[in-house]
Amino acid sequence: MTEDTLMINISSPLTNVHSISSKKGRRLSRQKWTANNTRTGKRKASSGVQAGGSAKRRTISASSRHVKPNSAEREKRAAAPVPKLSAKARTSPQVPGESKEHDRTFIKTSSLFRNNPEIPDVLSPVVTQVTEKVFTGNSFQELELHPHLVATLSKVLNVTSMTSVQKQTIPVLLSGKDAVVRSQTGSGKTLAYGIPLVQSLQAIQPKVKRSDGPLAVVIVPTRELAQQSFQIFQKLLKPFTWIVPGVLMGGEKRKAEKARLRKGINILISTPGRLVDHIKNTLSIAFSAVRWLVLDEADRTLDLGFEKDLTVVLNALNTAGSSRQNVLLSATLTEGLSRLASVSMTTPVYVHVSEAAGSSAEAAEHPRQAAPPAAPQVDSYAVPSRLQQHVVVVPSKLRLVCLAAVILAKCKYERGQKLIVFVSSCEAVEFLLTLLSAVLSDKPAGSHKPQLAFGFFRLHGNMQQQDVAARGLDLPQVTWIVQYDPPVSAAEYVHRVGRTARIGARGSGLLFLTPSETAYVDVLASHNISLCEMKMEDVLSTLMQDDHFKGRGRWEGKKAGSRELEMRERATVLQTDFENFVHGSPESVQAAKKALQSYVRAYTAYPSALKHVFHIRNLHLGHAAKSFGLRDAPQGLSLAAEGTTKGSRKDIKRCAVGFSAQPARWSVNSQGMCGYRRVESTRGVRA
Ligand SMILES: Nc1ncnc2c1ncn2[C@@H]1O[C@H](COP(=O)(O)OP(=O)(O)OP(=O)(O)O)[C@@H](O)[C@H]1O
């Protein structure tokens, strides 16, 4: 389960590029799913609302290909007592088998608001949040930098005063020392190493030539980050045209990269996998001149399972024999990272910007020389001070409508909002993108073409790089981070939520948990992360603004509590729309099942330390299926999940790549060669 694999980006308003690509995406997905009408004009939804203590079930008319029942049948069905659900029946409540789907005369939207686990109050423990001061009053002119570099910073990059991490890191790196840098997300770490690197390379005499090959190697975990870092170097190097930056990353044409390597790249930015590929297959890559090694977002690189690749890179550099300066940067420092630092660096300076609870700002201003971080600091994560963090507890059945309500609230009824929604697999990204785009679109009167008031964009690991770049994701402008599927660690939580509230800006995060997952709040609190509860009803109340999902108007203004009943009816109408869309074609049912399957797999892959929070046995498959617009839990899927609860990890291992639940054991032998031993590797899922 890779972080870049998990993102749906939902943003508003649309730019030209966005609208073109998203339209294309929708057209493709429509072709793929060939779904029937999503929003039927004469939609009848069962409200699932409990009125006066008695639950009422209603049926909805099926799409046009279903035969309408006569009124006698309808009455008979409505009058039939609601059967008690056995454990088995709960898993597959209504439909015995998919094959019978097309024969049904009725499609029932079972109650969304009944048979749900109780929602406990979330009491987030009081913790002292670790804070960091982002900006300092110091300007770049105070440093002994080339005047053209200072001018580029202000004219091209529009930065004049240093951030805290830059103030502490740049002098250390200019003095030639190795450094381990920890500072919160969006605090300017890229320039913290980029500026001294460029300063040192431009000063080399005789001047650097392309044919010198790489003088600096910058390793970043994802293509997106590689691209971003490359662009920053391009800007920094504007006055120093003789120094050539270059980027290597998966998804690009190897042949073209080889040609660029042959021509000469002085600052080489790469993802670990692609660099190893070139080390093994490209003769023209030589590291004899390398003076800098930068591991940016190093903990994510380890999280994504690149230990082996890092070992190959470190060994290739060590074999080349040149002495170099090493920099390791991250927003969170994990045990694995400290070990990596110990094998790849010599007496590094630890730069920790955060003002840990009780420590003075002055103490935090001064980097510590060669002192490894104390354990409590490793575990306390700093998040931006202007980030508001929320949690909402939502029963499984209601997750999809709640997500839709959040999207409508932020993108349709507010202005200038941009959301990123994190989910746990590529399949779920694809599925949700198609489903949400279709169901949340408006159909103006007389038009068959759905229109979106806002744009949906997908971003995940299976995408081609040009897709990502074309979308021009403007991450600094993201205002909300929705963690629809909870992350596998507190560190990952911090990285995800750190896509907003960057560089002193405001931002908000919303974490979705089910009632059985609320202990996750304590897990985060143990890392000094405190969340504020948002009530599910408040989230759903957005539907009251949207008459697309209006119920039958039975509850309008009649009596106390009628608003809530209407809200529930609207939620049911929305869920019915989702289910109609999904069940509108065999392809869309298949896509939903695939997404549900990958969700279940991801659920089984939480690390053992979090099994008390996320355990497959707590997952109600029938309810989870509903959050994928499925009316029932698919049969085969429940069996797969049972297999995993019984301890068979075969199924998980087959699809688990990339993560290490335990930190890798790094070591260095007498010849200076690095090695590592993975302790466990069941954390990630790429279904
Ligand atoms: N001194 C500065 N003044 C103003 N803006 C800055 C400064 N330094 C960096 N920035 C801007 O801050 C934003 C975040 O910077 P950057 O991506 O380097 O943060 P980061 O600490 O590496 O974040 P993450 O850990 O999430 O990767 C960028 O848009 C960058 O241009």
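Indexing begins at 1, ligand by ligand and atom by atom, following the structure's order. In this text the structure is predicted, and so the values were computed from the model without any measurement. The residues of the chain are indexed from 1 along the displayed sequence.
Residue Val159 approaches ligand 1 through these ligand atoms, each under 4.0 Å from one of its heavy atoms: 1 (N), 2 (C), 3 (N), 4 (C), 5 (N), 6 (C), 7 (C). Each of the following atoms of ligand 1 lies closer than 4.0 Å to a heavy atom of Ser187: 19 (O), 20 (P), 21 (O). Taking every heavy atom of Gly186 and a limit of under 4.0 angstrom, the matching atoms of ligand 1 come to 19 (O), 20 (P), 21 (O), 23 (O), 24 (P), 25 (O), 26 (O). Remark: ligand 1 atoms within the under-4.0 Å shell around heavy atoms of Thr190 are 16 (P), 17 (O), 18 (O), 22 (O). For ligand 1, the atoms closer than 4.0 angstrom to any heavy atom of Gln184 are 21 (O). Atoms of ligand 1 found under 4.0 Å from any heavy atom of Thr163, numbered from 1 in the order shown, are 1 (N), 2 (C), 7 (C). Near Leu191, with a cut-off below 4.0 Å to any heavy atom, the atoms of ligand 1 are 8 (N), 9 (C).
Looking at Gln166 against ligand 1, only its side chain comes within 4.0 Å, counting heavy atoms. Heavy atoms of Ser161 found under 4.0 angstrom from ligand 1 belong exclusively to the backbone.
Between Gly188 and ligand 1, a contact under 3.5 Å exists for at least one N or O pair. Some N or O of Arg502 is nearer than 3.5 Å to an N or O of ligand 1, by distance alone.
Across all their heavy atoms, Leu197 and Ala216 have their closest contact at CD2-CB, 3.7 Å.
Counted by atom type alone, Thr163 and Gln166 present one or more donor-acceptor pairs between their side chains at under 3.5 Å.
Formation of a donor-acceptor pair under 3.5 Å by the Asn326 side chain with backbone atoms of Asp178 is not found in this model. Side-chain atoms of Arg210 come within 3.5 Å of backbone N or O of Gly264 as a donor-acceptor pair. Looking only at distances, no side-chain donor or acceptor of Gln231 sits under 3.5 Å from a matching main-chain atom of Gln228.
Using a 4.5 Å heavy-atom threshold, the side chains of Glu533 and Val392 count as separate.
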**Message:** Under the criterion salt bridge (Lys or Arg N to Asp or Glu O under 4.0 Å), I'd like the reasoning laid out for Glu257 against Arg274: C-alpha separation, chi angles, the key distance, then a yes or no.
**Reply:** CA-CA 10 Å; Glu257 285 184 350; Arg274 183 46 75 101; 2.8 Å; yes
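Look at Gln228 and you'll find every heavy atom at least 4.0 Å from all atoms of ligand 1. Not a single heavy atom of Ala192 sits less than 4.0 Å from an atom of ligand 1.
Here the CG atom belonging to Leu215 is positioned 12.0 Å from the CZ atom belonging to Phe287, to the nearest 0.5 angstrom.
Enclosure of atom CZ in Arg291 is not indicated, since only 12 or fewer non-hydrogen atoms of other residues, nucleotides or ligands lie within 6.0 angstrom.
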